[in-house]
J.: 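Have a look at this one.
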Protein chains: 2
Amino acid sequence: MDAISDDKLTDAQNELYQWIKDYMREFQHSPSIRQMMQAMRLKSPAPIQSRLKHLQDKGYIKWQEGKARTLQIVEEIIDGIPILGSVAAGGLIETYSDVKENFDISDVLKHKDVFALTVNGDSMIDACIADGDMVLMAPITDANSIRNGTIVSALVPGLGTTLKYFIKKSNNIFLEAANPNYDPIELNPEEVVLQGKLLAVWRKV
Amino acid sequence: MDAISDDKLTDAQNELYQWIKDYMREFQHSPSIRQMMQAMRLKSPAPIQSRLKHLQDKGYIKWQEGKARTLQIVEEIIDGIPILGSVAAGGLIETYSDVKENFDISDVLKHKDVFALTVNGDSMIDACIADGDMVLMAPITDANSIRNGTIVSALVPGLGTTLKYFIKKSNNIFLEAANPNYDPIELNPEEVVLQGKLLAVWRKV
DNA sequence: CATCCATAGGAACAAATGTACTTTAATACA
DNA sequence: TGTATTAAAGTACATTTGTTCCTATGGATG
(Lines give C-alpha, C1' and ligand atoms only; values in the text may rest on other atoms or scores of the structure.)
Protein backbone atom coordinates (compact mmCIF):
# COMPACT_ATOMS: atom_id res chain seq x y z
CA MET A 1 0.00 0.00 0.00
CA ASP A 2 2.72 2.40 0.89
CA ALA A 3 6.03 3.36 -0.55
CA ILE A 4 8.25 1.25 1.58
CA SER A 5 7.67 -2.39 2.24
CA ASP A 6 6.06 -2.15 5.62
CA ASP A 7 6.48 -5.83 6.28
CA LYS A 8 9.46 -5.28 8.47
CA LEU A 9 7.65 -2.80 10.68
CA THR A 10 5.53 -3.76 13.63
CA ASP A 11 2.04 -2.33 13.80
CA ALA A 12 3.10 0.20 16.41
CA GLN A 13 6.10 1.29 14.39
CA ASN A 14 4.09 1.60 11.24
CA GLU A 15 1.36 3.58 12.95
CA LEU A 16 3.95 6.02 14.24
CA TYR A 17 5.68 6.23 10.89
CA GLN A 18 2.46 6.99 9.05
CA TRP A 19 1.49 9.56 11.64
CA ILE A 20 4.85 11.29 11.36
CA LYS A 21 4.54 11.46 7.58
CA ASP A 22 1.06 12.95 7.83
CA TYR A 23 2.17 15.47 10.41
CA MET A 24 5.18 16.59 8.43
CA ARG A 25 3.14 16.83 5.26
CA GLU A 26 0.68 19.10 7.00
CA PHE A 27 2.99 21.28 9.06
CA GLN A 28 6.20 21.16 7.06
CA HIS A 29 8.24 20.41 10.17
CA SER A 30 8.99 17.55 12.49
CA PRO A 31 6.80 16.71 15.48
CA SER A 32 8.29 16.42 18.96
CA ILE A 33 8.54 13.17 20.84
CA ARG A 34 5.89 14.28 23.29
CA GLN A 35 3.52 15.11 20.46
CA MET A 36 4.04 11.63 19.09
CA MET A 37 3.48 10.29 22.57
CA GLN A 38 0.06 11.92 22.73
CA ALA A 39 -0.85 10.91 19.20
CA MET A 40 0.03 7.30 19.99
CA ARG A 41 -2.00 7.50 23.21
CA LEU A 42 1.02 6.77 25.36
CA LYS A 43 1.88 8.24 28.73
CA SER A 44 5.64 8.16 28.50
CA PRO A 45 8.18 9.30 25.94
CA ALA A 46 10.23 6.15 26.28
CA PRO A 47 8.17 3.94 23.93
CA ILE A 48 8.34 6.60 21.25
CA GLN A 49 12.07 6.73 21.61
CA SER A 50 12.21 3.01 21.18
CA ARG A 51 10.06 3.05 18.06
CA LEU A 52 12.03 5.91 16.57
CA LYS A 53 15.21 3.98 17.14
CA HIS A 54 13.75 1.01 15.33
CA LEU A 55 12.56 3.17 12.45
CA GLN A 56 16.04 4.60 12.23
CA ASP A 57 17.69 1.19 12.27
CA LYS A 58 15.44 0.04 9.47
CA GLY A 59 16.29 3.09 7.43
CA TYR A 60 12.97 4.87 7.49
CA ILE A 61 13.91 8.02 9.33
CA LYS A 62 16.85 9.88 10.73
CA TRP A 63 17.39 12.89 12.97
CA GLN A 64 20.05 15.10 14.48
CA GLU A 65 20.84 13.74 17.91
CA GLY A 66 20.02 16.07 20.73
CA LYS A 67 18.30 18.59 18.51
CA ALA A 68 14.59 19.20 18.85
CA ARG A 69 12.22 18.38 16.01
CA THR A 70 14.86 17.37 13.49
CA LEU A 71 13.23 14.27 12.09
CA GLN A 72 13.68 13.50 8.43
CA ILE A 73 11.90 10.95 6.32
CA VAL A 74 14.71 9.12 4.61
CA GLU A 75 13.06 7.58 1.61
CA GLU A 76 11.01 10.53 0.56
CA ILE A 77 12.84 13.17 -1.35
CA ILE A 78 11.51 16.22 -3.03
CA ASP A 79 7.82 15.76 -3.05
CA GLY A 80 7.32 12.66 -1.08
CA ILE A 81 5.95 10.74 -3.98
CA PRO A 82 7.37 7.25 -4.16
CA ILE A 83 7.62 5.53 -7.48
CA LEU A 84 6.18 2.16 -6.70
CA GLY A 85 7.24 0.65 -9.94
CA SER A 86 6.19 0.34 -13.49
CA VAL A 87 2.73 -0.11 -14.83
CA ALA A 88 1.90 -1.65 -18.11
CA ALA A 89 -0.12 0.39 -20.50
CA GLY A 90 0.14 -2.38 -23.01
CA GLY A 91 -0.32 -5.97 -22.05
CA LEU A 92 -0.63 -7.24 -18.55
CA ILE A 93 3.01 -8.01 -18.29
CA GLU A 94 4.40 -5.84 -15.59
CA THR A 95 3.74 -5.63 -11.93
CA TYR A 96 4.86 -3.42 -9.10
CA SER A 97 8.51 -3.90 -8.39
CA ASP A 98 10.58 -2.75 -5.50
CA VAL A 99 12.20 0.01 -7.44
CA LYS A 100 13.46 2.52 -4.93
CA GLU A 101 13.12 5.71 -6.85
CA ASN A 102 11.33 8.94 -6.37
CA PHE A 103 9.27 11.24 -8.41
CA ASP A 104 11.65 14.11 -8.79
CA ILE A 105 11.29 17.27 -10.75
CA SER A 106 14.41 18.87 -9.38
CA ASP A 107 16.49 18.01 -12.43
CA VAL A 108 14.09 20.00 -14.55
CA LEU A 109 14.15 22.86 -12.07
CA LYS A 110 17.92 22.95 -12.19
CA HIS A 111 17.68 24.78 -15.48
CA LYS A 112 17.96 28.50 -15.16
CA ASP A 113 14.86 30.65 -15.38
CA VAL A 114 12.48 27.84 -16.15
CA PHE A 115 9.04 29.04 -17.08
CA ALA A 116 5.74 27.39 -17.82
CA LEU A 117 3.10 27.82 -20.48
CA THR A 118 -0.36 26.45 -20.82
CA VAL A 119 -1.16 24.82 -24.10
CA ASN A 120 -4.08 25.85 -26.26
CA GLY A 121 -5.06 23.72 -29.18
CA ASP A 122 -4.25 20.31 -30.48
CA SER A 123 -1.53 20.89 -33.02
CA MET A 124 0.97 18.92 -30.95
CA ILE A 125 -1.38 16.07 -30.21
CA ASP A 126 0.76 13.45 -31.93
CA ALA A 127 3.59 14.43 -29.60
CA CYS A 128 1.21 13.68 -26.74
CA ILE A 129 0.85 17.33 -25.79
CA ALA A 130 -2.82 18.04 -25.41
CA ASP A 131 -5.01 21.07 -25.00
CA GLY A 132 -4.75 22.32 -21.43
CA ASP A 133 -1.41 20.72 -20.69
CA MET A 134 1.24 22.74 -19.02
CA VAL A 135 4.68 22.74 -20.57
CA LEU A 136 7.87 23.62 -18.73
CA MET A 137 10.37 25.44 -20.89
CA ALA A 138 13.98 26.50 -20.61
CA PRO A 139 14.93 29.80 -22.19
CA ILE A 140 16.86 29.48 -25.41
CA THR A 141 20.08 31.41 -25.15
CA ASP A 142 21.73 30.25 -28.34
CA ALA A 143 19.41 29.62 -31.25
CA ASN A 144 22.14 27.72 -33.06
CA SER A 145 22.28 25.10 -30.34
CA ILE A 146 18.78 23.89 -31.01
CA ARG A 147 18.67 20.55 -32.73
CA ASN A 148 16.18 19.77 -35.41
CA GLY A 149 13.16 18.08 -33.96
CA THR A 150 13.27 19.91 -30.66
CA ILE A 151 9.93 21.20 -29.49
CA VAL A 152 10.14 24.94 -28.96
CA SER A 153 7.93 27.87 -28.19
CA ALA A 154 8.46 30.48 -30.83
CA LEU A 155 7.30 34.04 -31.07
CA VAL A 156 6.45 35.22 -34.54
CA PRO A 157 6.12 38.98 -34.15
CA GLY A 158 2.69 40.23 -35.02
CA LEU A 159 1.26 36.78 -35.07
CA GLY A 160 1.83 35.29 -31.67
CA THR A 161 3.49 32.48 -29.82
CA THR A 162 3.22 28.86 -30.81
CA LEU A 163 4.51 25.49 -29.72
CA LYS A 164 6.00 23.45 -32.56
CA TYR A 165 8.80 21.21 -33.72
CA PHE A 166 11.83 23.23 -34.69
CA ILE A 167 13.39 22.31 -38.06
CA LYS A 168 16.17 24.28 -39.70
CA LYS A 169 16.69 23.54 -43.36
CA SER A 170 18.89 25.51 -45.75
CA ASN A 171 18.85 28.68 -43.68
CA ASN A 172 15.09 28.65 -43.32
CA ILE A 173 13.21 27.73 -40.20
CA PHE A 174 10.20 25.46 -40.31
CA LEU A 175 7.80 25.23 -37.43
CA GLU A 176 6.03 21.92 -37.80
CA ALA A 177 2.99 20.75 -35.91
CA ALA A 178 2.54 17.22 -34.64
CA ASN A 179 -0.82 17.02 -36.32
CA PRO A 180 -1.39 16.31 -40.02
CA ASN A 181 -4.17 18.90 -40.07
CA TYR A 182 -1.66 21.69 -39.69
CA ASP A 183 0.82 22.73 -42.35
CA PRO A 184 4.42 23.60 -41.51
CA ILE A 185 5.21 27.28 -41.16
CA GLU A 186 8.24 28.48 -43.08
CA LEU A 187 10.06 31.52 -41.75
CA ASN A 188 13.26 33.43 -42.14
CA PRO A 189 15.46 33.25 -39.04
CA GLU A 190 14.93 36.98 -38.61
CA GLU A 191 11.18 36.62 -38.44
CA VAL A 192 11.07 34.28 -35.49
CA VAL A 193 12.11 34.59 -31.87
CA LEU A 194 12.81 31.26 -30.23
CA GLN A 195 11.76 31.61 -26.63
CA GLY A 196 12.10 28.26 -24.98
CA LYS A 197 12.70 24.60 -25.54
CA LEU A 198 10.55 21.90 -24.04
CA LEU A 199 11.74 20.38 -20.80
CA ALA A 200 8.69 18.60 -19.51
CA VAL A 201 4.95 18.22 -19.75
CA TRP A 202 2.54 18.35 -16.84
CA ARG A 203 -1.12 17.44 -16.98
CA LYS A 204 -3.66 17.47 -14.18
CA VAL A 205 -6.81 15.46 -14.67
CA MET B 1 11.94 35.53 -10.42
CA ASP B 2 10.35 33.95 -7.45
CA ALA B 3 6.89 32.88 -6.49
CA ILE B 4 6.15 35.73 -4.13
CA SER B 5 6.79 39.31 -5.02
CA ASP B 6 9.93 40.00 -3.05
CA ASP B 7 9.53 43.75 -3.44
CA LYS B 8 8.16 44.18 0.01
CA LEU B 9 11.04 42.37 1.66
CA THR B 10 14.28 44.02 2.63
CA ASP B 11 17.47 42.39 1.48
CA ALA B 12 18.11 40.95 4.91
CA GLN B 13 14.60 39.56 5.18
CA ASN B 14 14.76 38.07 1.73
CA GLU B 15 18.14 36.49 2.35
CA LEU B 16 16.80 34.86 5.49
CA TYR B 17 13.62 33.75 3.73
CA GLN B 18 15.51 32.14 0.88
CA TRP B 19 17.88 30.46 3.29
CA ILE B 20 15.01 29.04 5.32
CA LYS B 21 13.37 27.66 2.19
CA ASP B 22 16.62 26.03 1.11
CA TYR B 23 17.19 24.57 4.55
CA MET B 24 13.69 23.15 4.83
CA ARG B 25 13.87 21.73 1.33
CA GLU B 26 17.08 19.93 2.21
CA PHE B 27 16.33 18.75 5.75
CA GLN B 28 12.54 18.53 5.71
CA HIS B 29 12.30 20.38 8.99
CA SER B 30 12.57 23.89 10.33
CA PRO B 31 15.90 25.40 11.35
CA SER B 32 16.35 26.92 14.79
CA ILE B 33 16.80 30.62 15.36
CA ARG B 34 20.41 30.11 16.35
CA GLN B 35 21.08 28.20 13.18
CA MET B 36 19.67 31.09 11.21
CA MET B 37 21.81 33.42 13.28
CA GLN B 38 24.95 31.61 12.22
CA ALA B 39 23.84 31.35 8.61
CA MET B 40 23.19 35.09 8.52
CA ARG B 41 26.59 35.72 10.13
CA LEU B 42 25.03 37.35 13.16
CA LYS B 43 26.09 37.06 16.78
CA SER B 44 22.74 37.47 18.46
CA PRO B 45 19.36 35.81 18.04
CA ALA B 46 17.51 39.10 18.38
CA PRO B 47 17.90 40.27 14.75
CA ILE B 48 16.64 36.94 13.50
CA GLN B 49 13.58 37.22 15.66
CA SER B 50 12.96 40.65 14.26
CA ARG B 51 13.21 39.43 10.68
CA LEU B 52 11.03 36.44 11.40
CA LYS B 53 8.40 38.74 12.85
CA HIS B 54 8.46 40.82 9.70
CA LEU B 55 8.25 37.75 7.49
CA GLN B 56 5.28 36.66 9.53
CA ASP B 57 3.59 40.05 9.32
CA LYS B 58 4.00 40.02 5.56
CA GLY B 59 2.51 36.59 5.36
CA TYR B 60 5.52 34.61 4.25
CA ILE B 61 5.93 32.32 7.22
CA LYS B 62 4.28 31.27 10.43
CA TRP B 63 5.21 29.20 13.47
CA GLN B 64 3.91 27.84 16.75
CA GLU B 65 4.85 30.29 19.46
CA GLY B 66 7.19 28.92 22.05
CA LYS B 67 7.75 25.68 20.22
CA ALA B 68 11.15 24.86 18.80
CA ARG B 69 11.68 24.53 15.08
CA THR B 70 8.06 24.90 14.05
CA LEU B 71 8.45 27.22 11.10
CA GLN B 72 6.12 26.83 8.15
CA ILE B 73 6.37 28.42 4.75
CA VAL B 74 2.94 29.90 4.18
CA GLU B 75 2.53 30.72 0.54
CA GLU B 76 5.16 28.44 -0.82
CA ILE B 77 4.20 27.77 -4.38
CA ILE B 78 6.08 24.58 -4.53
CA ASP B 79 8.45 25.20 -7.33
CA GLY B 80 8.36 28.86 -8.05
CA ILE B 81 7.93 28.43 -11.76
CA PRO B 82 6.03 31.33 -13.29
CA ILE B 83 3.41 30.66 -15.89
CA LEU B 84 4.17 33.32 -18.43
CA GLY B 85 0.97 32.80 -20.33
CA SER B 86 -0.58 30.58 -22.89
CA VAL B 87 0.95 29.21 -25.98
CA ALA B 88 -0.93 28.20 -29.05
CA ALA B 89 -0.48 24.70 -30.25
CA GLY B 90 -2.96 25.39 -33.00
CA GLY B 91 -2.88 28.55 -35.00
CA LEU B 92 -0.76 31.55 -34.24
CA ILE B 93 -3.44 33.22 -32.26
CA GLU B 94 -2.22 33.56 -28.76
CA THR B 95 0.64 35.42 -27.26
CA TYR B 96 2.23 35.69 -23.88
CA SER B 97 -0.02 37.47 -21.45
CA ASP B 98 0.65 38.80 -18.03
CA VAL B 99 -1.15 36.00 -16.31
CA LYS B 100 0.19 35.88 -12.81
CA GLU B 101 -0.08 32.27 -12.02
CA ASN B 102 2.33 29.67 -10.91
CA PHE B 103 3.13 26.17 -11.86
CA ASP B 104 1.92 24.37 -8.83
CA ILE B 105 1.78 20.72 -8.06
CA SER B 106 0.79 21.16 -4.44
CA ASP B 107 -2.87 20.50 -5.10
CA VAL B 108 -1.94 17.12 -6.45
CA LEU B 109 0.33 16.48 -3.49
CA LYS B 110 -2.46 17.29 -1.08
CA HIS B 111 -3.93 13.89 -1.72
CA LYS B 112 -2.99 11.33 0.83
CA ASP B 113 -0.35 8.76 0.02
CA VAL B 114 0.16 9.82 -3.55
CA PHE B 115 2.39 7.48 -5.49
CA ALA B 116 3.91 7.44 -8.93
CA LEU B 117 4.26 4.84 -11.65
CA THR B 118 6.24 4.78 -14.82
CA VAL B 119 4.30 3.84 -17.91
CA ASN B 120 5.33 1.00 -20.16
CA GLY B 121 3.66 0.59 -23.49
CA ASP B 122 1.36 2.60 -25.68
CA SER B 123 -2.08 1.33 -24.82
CA MET B 124 -3.09 4.74 -23.43
CA ILE B 125 -1.62 6.72 -26.28
CA ASP B 126 -4.95 8.21 -27.35
CA ALA B 127 -5.29 9.60 -23.83
CA CYS B 128 -1.95 11.28 -24.41
CA ILE B 129 -0.15 9.00 -21.98
CA ALA B 130 2.95 7.74 -23.70
CA ASP B 131 5.58 5.13 -23.05
CA GLY B 132 7.97 6.42 -20.43
CA ASP B 133 5.61 8.93 -18.90
CA MET B 134 5.25 9.10 -15.18
CA VAL B 135 1.75 9.04 -13.76
CA LEU B 136 0.82 10.29 -10.30
CA MET B 137 -1.89 8.27 -8.66
CA ALA B 138 -4.07 8.54 -5.58
CA PRO B 139 -4.91 5.34 -3.75
CA ILE B 140 -8.45 4.15 -4.27
CA THR B 141 -10.14 3.64 -0.96
CA ASP B 142 -13.65 3.01 -2.14
CA ALA B 143 -13.96 1.17 -5.41
CA ASN B 144 -17.60 2.23 -5.71
CA SER B 145 -16.66 5.87 -5.87
CA ILE B 146 -14.82 5.50 -9.16
CA ARG B 147 -16.70 6.98 -12.06
CA ASN B 148 -16.78 5.32 -15.43
CA GLY B 149 -14.09 6.69 -17.66
CA THR B 150 -11.61 7.30 -14.89
CA ILE B 151 -8.11 6.18 -15.66
CA VAL B 152 -6.97 3.72 -13.01
CA SER B 153 -4.11 1.41 -12.28
CA ALA B 154 -5.50 -2.02 -11.65
CA LEU B 155 -3.90 -5.15 -10.37
CA VAL B 156 -5.17 -8.35 -11.88
CA PRO B 157 -3.72 -11.02 -9.63
CA GLY B 158 -1.44 -13.37 -11.47
CA LEU B 159 -1.30 -11.17 -14.49
CA GLY B 160 0.04 -7.84 -13.35
CA THR B 161 -0.72 -4.19 -13.11
CA THR B 162 -2.09 -2.13 -15.94
CA LEU B 163 -3.22 1.40 -16.63
CA LYS B 164 -6.62 1.63 -18.27
CA TYR B 165 -9.97 3.36 -18.43
CA PHE B 166 -12.28 2.03 -15.76
CA ILE B 167 -15.78 1.09 -16.94
CA LYS B 168 -18.32 -0.66 -14.78
CA LYS B 169 -21.21 -2.16 -16.63
CA SER B 170 -23.82 -4.52 -15.23
CA ASN B 171 -21.67 -5.70 -12.34
CA ASN B 172 -18.72 -6.43 -14.58
CA ILE B 173 -15.62 -4.32 -14.83
CA PHE B 174 -14.09 -3.46 -18.17
CA LEU B 175 -10.57 -2.16 -18.44
CA GLU B 176 -10.36 -0.37 -21.74
CA ALA B 177 -7.26 0.88 -23.47
CA ALA B 178 -7.01 4.19 -25.26
CA ASN B 179 -5.69 2.46 -28.33
CA PRO B 180 -7.80 0.60 -30.88
CA ASN B 181 -5.15 -2.08 -31.12
CA TYR B 182 -6.02 -3.30 -27.66
CA ASP B 183 -9.24 -5.06 -26.74
CA PRO B 184 -11.11 -4.28 -23.54
CA ILE B 185 -10.52 -6.63 -20.65
CA GLU B 186 -13.62 -7.91 -18.92
CA LEU B 187 -13.33 -8.94 -15.31
CA ASN B 188 -15.41 -9.81 -12.30
CA PRO B 189 -15.09 -7.26 -9.50
CA GLU B 190 -13.46 -9.97 -7.40
CA GLU B 191 -10.72 -10.53 -9.92
CA VAL B 192 -9.36 -7.02 -9.97
CA VAL B 193 -7.76 -4.81 -7.37
CA LEU B 194 -8.09 -1.13 -8.14
CA GLN B 195 -4.96 0.48 -6.85
CA GLY B 196 -5.03 4.11 -7.85
CA LYS B 197 -6.74 6.69 -9.94
CA LEU B 198 -4.93 9.09 -12.20
CA LEU B 199 -4.12 12.52 -10.80
CA ALA B 200 -1.54 13.84 -13.19
CA VAL B 201 0.92 13.01 -15.92
CA TRP B 202 4.55 14.04 -15.98
CA ARG B 203 6.89 13.69 -18.91
CA LYS B 204 10.52 14.69 -19.15
CA VAL B 205 12.00 15.08 -22.59
C1' DC C 1 23.42 69.13 16.27
C1' DA C 2 19.59 66.65 18.45
C1' DT C 3 16.10 63.16 17.83
C1' DC C 4 14.02 59.15 16.31
C1' DC C 5 13.95 54.66 14.60
C1' DA C 6 15.52 50.39 13.04
C1' DT C 7 18.86 47.02 13.72
C1' DA C 8 22.61 44.44 16.14
C1' DG C 9 24.88 42.74 20.39
C1' DG C 10 24.54 40.72 24.70
C1' DA C 11 22.73 38.38 28.60
C1' DA C 12 19.41 35.88 31.13
C1' DC C 13 15.36 32.94 31.84
C1' DA C 14 11.70 29.67 31.44
C1' DA C 15 9.76 26.39 28.58
C1' DA C 16 10.25 22.75 25.41
C1' DT C 17 12.59 18.82 24.39
C1' DG C 18 15.86 14.77 23.67
C1' DT C 19 17.91 11.41 26.36
C1' DA C 20 19.16 8.12 30.03
C1' DC C 21 17.83 5.33 33.68
C1' DT C 22 14.94 2.39 36.70
C1' DT C 23 10.80 -0.07 37.53
C1' DT C 24 6.73 -2.51 36.14
C1' DA C 25 3.73 -5.07 33.03
C1' DA C 26 3.02 -8.00 29.17
C1' DT C 27 4.40 -11.59 26.14
C1' DA C 28 6.73 -15.56 24.31
C1' DC C 29 8.96 -19.72 25.00
C1' DA C 30 10.76 -23.93 26.86
C1' DT D 1 5.49 -22.86 35.83
C1' DG D 2 9.61 -20.26 35.39
C1' DT D 3 12.45 -17.46 32.61
C1' DA D 4 13.89 -14.41 29.12
C1' DT D 5 12.56 -10.81 26.07
C1' DT D 6 10.14 -6.82 24.81
C1' DA D 7 7.43 -2.87 25.50
C1' DA D 8 5.48 0.68 28.53
C1' DA D 9 5.48 3.80 32.55
C1' DG D 10 7.63 6.87 35.30
C1' DT D 11 11.25 9.97 36.61
C1' DA D 12 15.00 12.91 36.26
C1' DC D 13 18.40 15.74 33.97
C1' DA D 14 21.09 18.44 30.65
C1' DT D 15 20.66 20.70 26.42
C1' DT D 16 18.38 23.15 23.11
C1' DT D 17 15.71 26.84 22.10
C1' DG D 18 12.18 30.63 21.95
C1' DT D 19 11.56 34.73 24.24
C1' DT D 20 12.33 39.00 26.77
C1' DC D 21 15.00 42.63 28.41
C1' DC D 22 18.53 46.17 28.07
C1' DT D 23 22.20 48.61 25.69
C1' DA D 24 24.81 50.24 21.73
C1' DT D 25 25.33 51.67 17.05
C1' DG D 26 24.19 53.74 12.58
C1' DG D 27 21.46 56.20 9.51
C1' DA D 28 17.77 59.18 8.39
C1' DT D 29 15.32 63.37 9.50
C1' DG D 30 14.17 67.73 11.40
Side-chain angles (χ1 to χ4, degrees), chain A residues 6-74, chain B residues 5-74 76:
Chain A
D6 296 358
D7 323 55
K8 300 186 296 187
L9 292 184
T10 68
D11 288 346
Q13 290 163 7
N14 186 57
E15 184 189 5
L16 176 62
Y17 179 64
Q18 299 300 328
W19 185 87
I20 291 172
K21 286 204 298 184
D22 285 345
Y23 182 98
M24 292 183 68
R25 186 164 54 91
E26 179 176 357
F27 295 105
Q28 304 175 40
H29 61 245
S30 165
S32 71
I33 287 184
R34 281 166 180 81
Q35 278 180 311
M36 304 181 218
M37 185 183 80
Q38 289 187 16
M40 295 298 111
R41 303 165 302 280
L42 296 174
K43 298 172 182 176
S44 166
I48 296 296
Q49 253 188 305
S50 167
R51 295 175 193 181
L52 290 178
K53 191 89 182 67
H54 286 138
L55 287 172
Q56 184 192 42
D57 291 343
K58 294 175 181 175
Y60 286 75
I61 62 173
K62 62 180 177 180
W63 67 89
Q64 297 172 26
E65 280 197 8
K67 306 297 180 67
R69 297 174 180 268
T70 53
L71 275 187
Q72 294 182 64
I73 307 292
V74 171
Chain B
S5 60
D6 298 356
D7 322 56
K8 298 186 297 186
L9 292 184
T10 68
D11 288 346
Q13 289 164 8
N14 187 56
E15 184 190 3
L16 176 61
Y17 179 63
Q18 298 300 330
W19 186 88
I20 291 173
K21 285 204 297 184
D22 286 343
Y23 182 96
M24 291 182 70
R25 175 185 285 269
E26 178 176 357
F27 295 105
Q28 305 176 38
H29 60 247
S30 165
S32 71
I33 287 184
R34 282 166 178 81
Q35 279 180 309
M36 303 181 218
M37 185 184 80
Q38 290 189 15
M40 295 299 112
R41 303 165 302 279
L42 297 173
K43 298 174 181 175
S44 167
I48 295 296
Q49 255 191 307
S50 168
R51 296 176 194 180
L52 290 177
K53 193 87 181 66
H54 288 138
L55 287 172
Q56 183 193 41
D57 290 343
K58 295 175 181 175
Y60 285 75
I61 61 172
K62 63 179 176 180
W63 68 88
Q64 298 172 25
E65 278 196 10
K67 305 298 180 65
R69 297 174 181 269
T70 53
L71 275 187
Q72 294 181 64
I73 307 292
V74 172
E76 174 76 341

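Throughout, protein chains are lettered first and strands after them, A, B, ... in sequence-line order, and every chain is numbered starting at 1. Just so you know, these numbers use all the heavy atoms, side chains as well, and skip hydrogens, waters and symmetry mates. This structure is a prediction, so every number in the text was calculated from the model and none was measured.
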J.: Under 4.5 Å between any side-chain heavy atoms of B:Phe27 and A:Gln64, yes or no?
T.: yes

J.: To the nearest Å, give me how far apart NZ (B:Lys62) and C1' (D:dG18) are.
T.: 19 Å

J.: So if I take residues 30-46 of chain B and measure heavy-atom distances to DNA chain C, which residues fall below 4.0 Å?
T.: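 B:Arg34, B:Leu42, B:Lys43, B:Ser44, B:Ala46, in order of number.
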
J.: With a strict under 4.0 Å distance from non-hydrogen atoms of chain B, what nucleotide opens and what nucleotide closes the contacted stretch of DNA chain C, reading 5' to 3'?
T.: C:dT7 to C:dT17

J.: For B:Glu65, answer base if it contacts any base atom (sugar-phosphate contacts may also be present), sugar-phosphate if it contacts only those atoms, and nothing otherwise; contact means non-hydrogen atoms under 4.0 Å.
T.: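 Here B:Glu65 touches the backbone only, sparing every base.
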
J.: Would you mind reading off the distance between A:Arg51 atom CZ and D:dA7 atom P, rounded to a whole angstrom?
T.: 9 Å

J.: State, to the nearest 10°, the angle formed by the axis through the first five base pairs of the helix from C:dC1-D:dG30 to C:dA30-D:dT1 and the axis through its last five.
T.: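 Rounded to the nearest 10 degrees, the bend comes out at 30°.
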
J.: Reading DNA chain C from 5' onward, which residue's closest nucleotide shows up sooner: A:Arg69 or B:Pro47?
T.: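 Whichever sits nearer the 5' end wins; that is B:Pro47.
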
J.: Do B:Met36 and B:Leu52 make a side-chain contact, defined as non-hydrogen atoms from C-beta onward lying under 4.5 Å apart?
T.: yes

J.: To the nearest Å, give me how far apart CD (A:Gln49) and C1' (D:dC13) are.
T.: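 These atoms are roughly 13 Å apart.
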
J.: Can you name the nearest heavy-atom pair linking A:Thr70 to A:Ser30, along with the distance?
T.: N-OG, 3.9 Å

J.: Testing the basics here: between B:Tyr17 and B:Ile73, what is the closest heavy-atom pair and its distance to 0.1 Å?
T.: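 That would be OH-CG2, 3.8 Å.
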
J.: So does B:Asp57 have more than 12 non-hydrogen atoms from other groups sitting under 6.0 Å from CG?
T.: yes

J.: For a quick test of reading the model, state the closest non-hydrogen atom pair linking B:Met24 to B:Leu71 and the distance between them.
T.: CE-O, 3.6 Å

J.: Any heavy-atom pair between the side chains of B:Trp63 and B:Gln56 that's under 4.5 Å?
T.: yes

J.: What pairs with B:Asp22 under side chain to side chain donor-acceptor pair (under 3.5 Å), at least two apart in sequence or on another chain?
T.: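 Side chain to side chain donor-acceptor pair (under 3.5 Å) check on B:Asp22 returns nothing, list empty.
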
J.: Run the side chain to side chain donor-acceptor pair (under 3.5 Å) test against A:Gln35 and tell me which residues pass, sequence neighbours left out.
T.: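 Here the qualifying residues are A:Tyr23, A:Arg69.
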
J.: Please tabulate, for side-chain N and O atoms in residues 38-50 of chain B, each donor-acceptor pair with protein atoms closer than 3.5 Å (sequence neighbours left out).
T.:
from: B:Arg41; atom 1: NH1; to: B:Ala39; atom 2: O; distance (Å): 3.4
from: B:Arg41; atom 1: NH2; to: B:Glu15; atom 2: OE2; distance (Å): 3.0
from: B:Ser44; atom 1: OG; to: B:Ala46; atom 2: N; distance (Å): 3.3

